[in-house]
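Have a look at the structure below before the remarks.
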Amino acid sequence: MNDATGPRRRGRAMPRGAALDAATLAETEAVLEGLPRDADQMIEALHRVQDRFGAIRKRHLRALAELFAVPHVVPYEAATFYAHFDVIDDDTPALPELTVRVCESLPCAMAGGHALLDELRAALPHARVIAAPCMGACHQAPACIAGHRLVERATVPRIVSPPPPAPLPPPPDLANWRGRGGYAPLDGDALAALRTAGLRGLGGAGFPAVRKWELVARQPGPKHLVVNADEGEPGTFKDRWCLESEPHRVLDGMLLAARAVGAGTCWIYLRDEYSHLVDPLRRAIAEVKQAGLFEGAIHLRRGAGAYICGEETALLESLEGRRGYPRHKPPFPGEVGLFGRPTLIHNVETLWWLPEILRGGAAGFAAAGRNGHQGKRLVPVSGRVQRPGVHEVPAGATANDIIGEFAGGMLAGHRFVAYLPGGASGGILPARMADIPLDFGTLDQHGCFV
């Protein structure tokens, strides 16, 4: 490519070190067929190599450096950062065909996850059976991933001789959601409605959503909107539930937010443990595009197993094709975000509520709270309760409310002893403190958070 200063220099074609053979270059190029060679596609390129060869040999990293015209350190740092990429030496024997990752987070440990790990190692001597962090299946513990297959309520027989997968009811399609008022244009002030509702970011920090919108809205374009679907806190699976049950409701909320702040491109960052959601989301995105509901691009990108990428700036680094190291703030993503442009970042649940709030339901949403708090929440409940799963509850409900009123009470033979209000990093509280309203700031004095 030429410009006013002459030909643009290409990066070093071959990094110093071991030579790159033509066969490796050819097989890696074949795996990447149809994939743009943009820097932000590096994580997807590593996924393709891992999926095709069962591991990523160092010669493949040299090939990726050549094909992307970047220094060798770029693919190497990314590949060795993420837990789901297996980087091995060129002369290392091939890894076993099957890798089984067994969740060892608290809900799965309570359900016998550590014993399952030992049993699977004995039953599958030729497989690689390893412990792994939370998989977002806490309500169906213990969980594991066999290859790319998420197995809930896992047992040795279900891994060794899996039954045919039960067909899942398809989520409501575009026509269904539009028939219920979805994707309808707004006829009011979105910022005013958001302010009335009191909606806060529901990924953990609780930052007022309207302040994010105001910051991004006053920045010059082009702008991006990023959907954070990388929940990884043990005990958290509400974003998964949203995307499984009503993907178009989430996409509708995404487009409402994008239009409100002037974002022309949307990005969905999906945790790799939710690989079963990739195809349904691609179909839903295609329906949106075919219906002409958004003129800009909508990109779906997979994570690769990194808890830290739930933090918004680490997520941006990953979207740009690098290891997920958090950025220093300021500047904030609303000013300098994805690819250096102003970026609005929301988690899935925050977007879930927007169609209701922005289409006339702001006051009703605010009034739905309890104990002096505003709004509603989707609360994932796991452990020894009658009805584990995701429950819609009033903001300010207590742990006793949630367990007794929504989750059906404790299982027979068990008593309520303690609870984690905000996942493993949010602290643990005894049952005698289960009448504290659960909302942002109510647990600060106890060193905990929701």
Side-chain angles (χ1 to χ4, degrees), residues 1-3 6-101 126-128 130 145-149 267 269-270 272-273 275-276 278-279 281-282 285-286 297 299-306 309 317-324 339:
M1 178 177 178
N2 293 296
D3 57 24
R8 180 175 296 175
R9 293 189 63 187
R10 197 167 180 265
R12 179 187 293 274
M14 260 301 301
R16 293 187 179 94
L20 173 62
D21 64 276
T24 298
L25 186 63
E27 71 179 11
T28 307
E29 190 166 25
V31 169
L32 302 186
E33 183 178 1
L35 186 72
R37 305 297 164 79
D38 302 323
D40 60 281
Q41 294 283 2
M42 183 60 72
I43 307 300
E44 180 60 29
L46 291 165
H47 269 301
R48 291 195 181 191
V49 174
Q50 173 91 15
D51 292 346
R52 171 63 180 83
F53 302 108
I56 302 171
R57 296 190 181 273
K58 291 183 178 177
R59 65 173 185 264
H60 292 128
L61 297 176
R62 296 192 292 273
L64 288 172
E66 165 70 13
L67 294 169
F68 278 80
V70 296
H72 184 196
V73 69
V74 174
Y76 180 84
E77 282 191 340
T80 55
F81 178 83
Y82 296 94
H84 293 177
F85 295 143
D86 298 308
V87 179
I88 60 177
D89 291 330
D90 293 340
D91 56 358
T92 298
L95 295 178
E97 288 188 11
L98 177 64
T99 293
V100 181
R101 303 176 190 272
H126 301 298
R128 188 170 66 127
I130 58 176
I145 293 177
H148 291 288
R149 179 172 59 95
W267 305 76
Y269 187 91
L270 181 70
D272 197 33
E273 288 84 354
S275 60
H276 66 289
V278 171
D279 287 341
L281 273 174
R282 283 175 175 161
I285 291 168
H299 303 281
L300 176 62
R301 295 292 168 83
R302 295 185 282 171
C309 287
E317 288 290 304
S318 188
L319 271 177
E320 293 182 8
R322 295 186 292 271
R323 56 188 181 177
F339 309 121

**Study point:** Qualifying residue for side chain to side chain contact (heavy atoms under 4.5 Å, CB included) with Arg57, from Thr28, Asp90, Val87
**Key:**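 Of the listed residues Thr28, Asp90, Val87, the side chain to side chain contact (heavy atoms under 4.5 Å, CB included) partner of Arg57 is Asp90.
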
At their closest point, which heavy atom of [X] faces which heavy atom of [Y], and how far apart are they?
X: Asp272; Y: Gly303; result: CB-O, 3.3 Å
X: Leu300; Y: Val278; result: CD2-O, 3.7 Å
X: Ile88; Y: Pro93; result: CD1-O, 4.3 Å
X: Ser318; Y: Tyr269; result: OG-OH, 2.8 Å
X: Ala78; Y: Gly321; result: CB-O, 4.1 Å
X: Phe81; Y: Ala306; result: CE2-CB, 3.9 Å

Exercise for review: Decide salt bridge (Lys or Arg N to Asp or Glu O under 4.0 Å) for Glu317 and Arg323; before the verdict, give the C-alpha distance in whole Å, the side-chain angles of both, and the deciding distance to 0.1 Å.
Suggested key: CA-CA 6 Å; Glu317 288 290 304; Arg323 56 188 181 177; over 6 Å; no

**Study point:** With sequence neighbours excluded, residues passing side chain to side chain contact (heavy atoms under 4.5 Å, CB included) with Asp91
**Key:**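 Scan of Asp91 (side chain to side chain contact (heavy atoms under 4.5 Å, CB included), adjacent residues dropped) gives Asp89.
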
Point to revise | Asp86: partners by side chain to side chain contact (heavy atoms under 4.5 Å, CB included), with sequence neighbours left out | key: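 Listed in chain order: Gln50, Ala55, Leu95, Arg101, Arg128.
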
Measure the [atom1]-[atom2] distance between [X] and [Y] for me, rounded to the nearest 0.5 Å.
X: Arg52; Y: Leu32; atom1: CZ; atom2: CG; value: 12.5 Å
X: Leu46; Y: Arg302; atom1: CG; atom2: CZ; value: 10.5 Å
X: Arg322; Y: Glu77; atom1: CZ; atom2: CD; value: 10.0 Å
X: Leu319; Y: Met42; atom1: CG; atom2: CE; value: 14.5 Å
X: His148; Y: Thr99; atom1: NE2; atom2: OG1; value: 9.5 Å
X: Ile43; Y: His84; atom1: CD1; atom2: NE2; value: 13.0 Å

Review point. What residue pairs, at least two apart or across chains, pass ring-ring contact (aromatic ring centres under 6.0 Å, His included) with a residue in residues 21-53?
Key: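 Applying ring-ring contact (aromatic ring centres under 6.0 Å, His included) to every pair that reaches into residues 21-53, excluding sequence neighbours, yields His47-Phe85, Phe53-His60.
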
Practice item. Show your working on side chain to side chain contact (heavy atoms under 4.5 Å, CB included) between Cys309 and Tyr82 and close with a plain yes or no. Key: CA-CA 10 Å; Cys309 287; Tyr82 296 94; 4.0 Å; yes

Practice item. Given side chain to side chain contact (heavy atoms under 4.5 Å, CB included), test Glu27 with Arg59 step by step and report yes or no. Key: CA-CA 11 Å; Glu27 71 179 11; Arg59 65 173 185 264; 4.0 Å; yes

Review point. Does the side chain of Arg62 come within less than 4.5 Å of Thr24's, by heavy atoms?
Key: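 Side-chain contact under 4.5 Å: no.
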
Check your understanding: Can you check salt bridge (Lys or Arg N to Asp or Glu O under 4.0 Å) on Arg48 and Glu44, steps first, answer last?
Key -> CA-CA 6 Å; Arg48 291 195 181 191; Glu44 180 60 29; 3.8 Å; yes

Check your understanding: Does any N or O in the side chain of Asp21 come within less than 3.5 Å of the main-chain N or O of Ala23, such that one atom is a donor and the other an acceptor?
Key ->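 Here the side-chain-to-backbone pair exists.
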
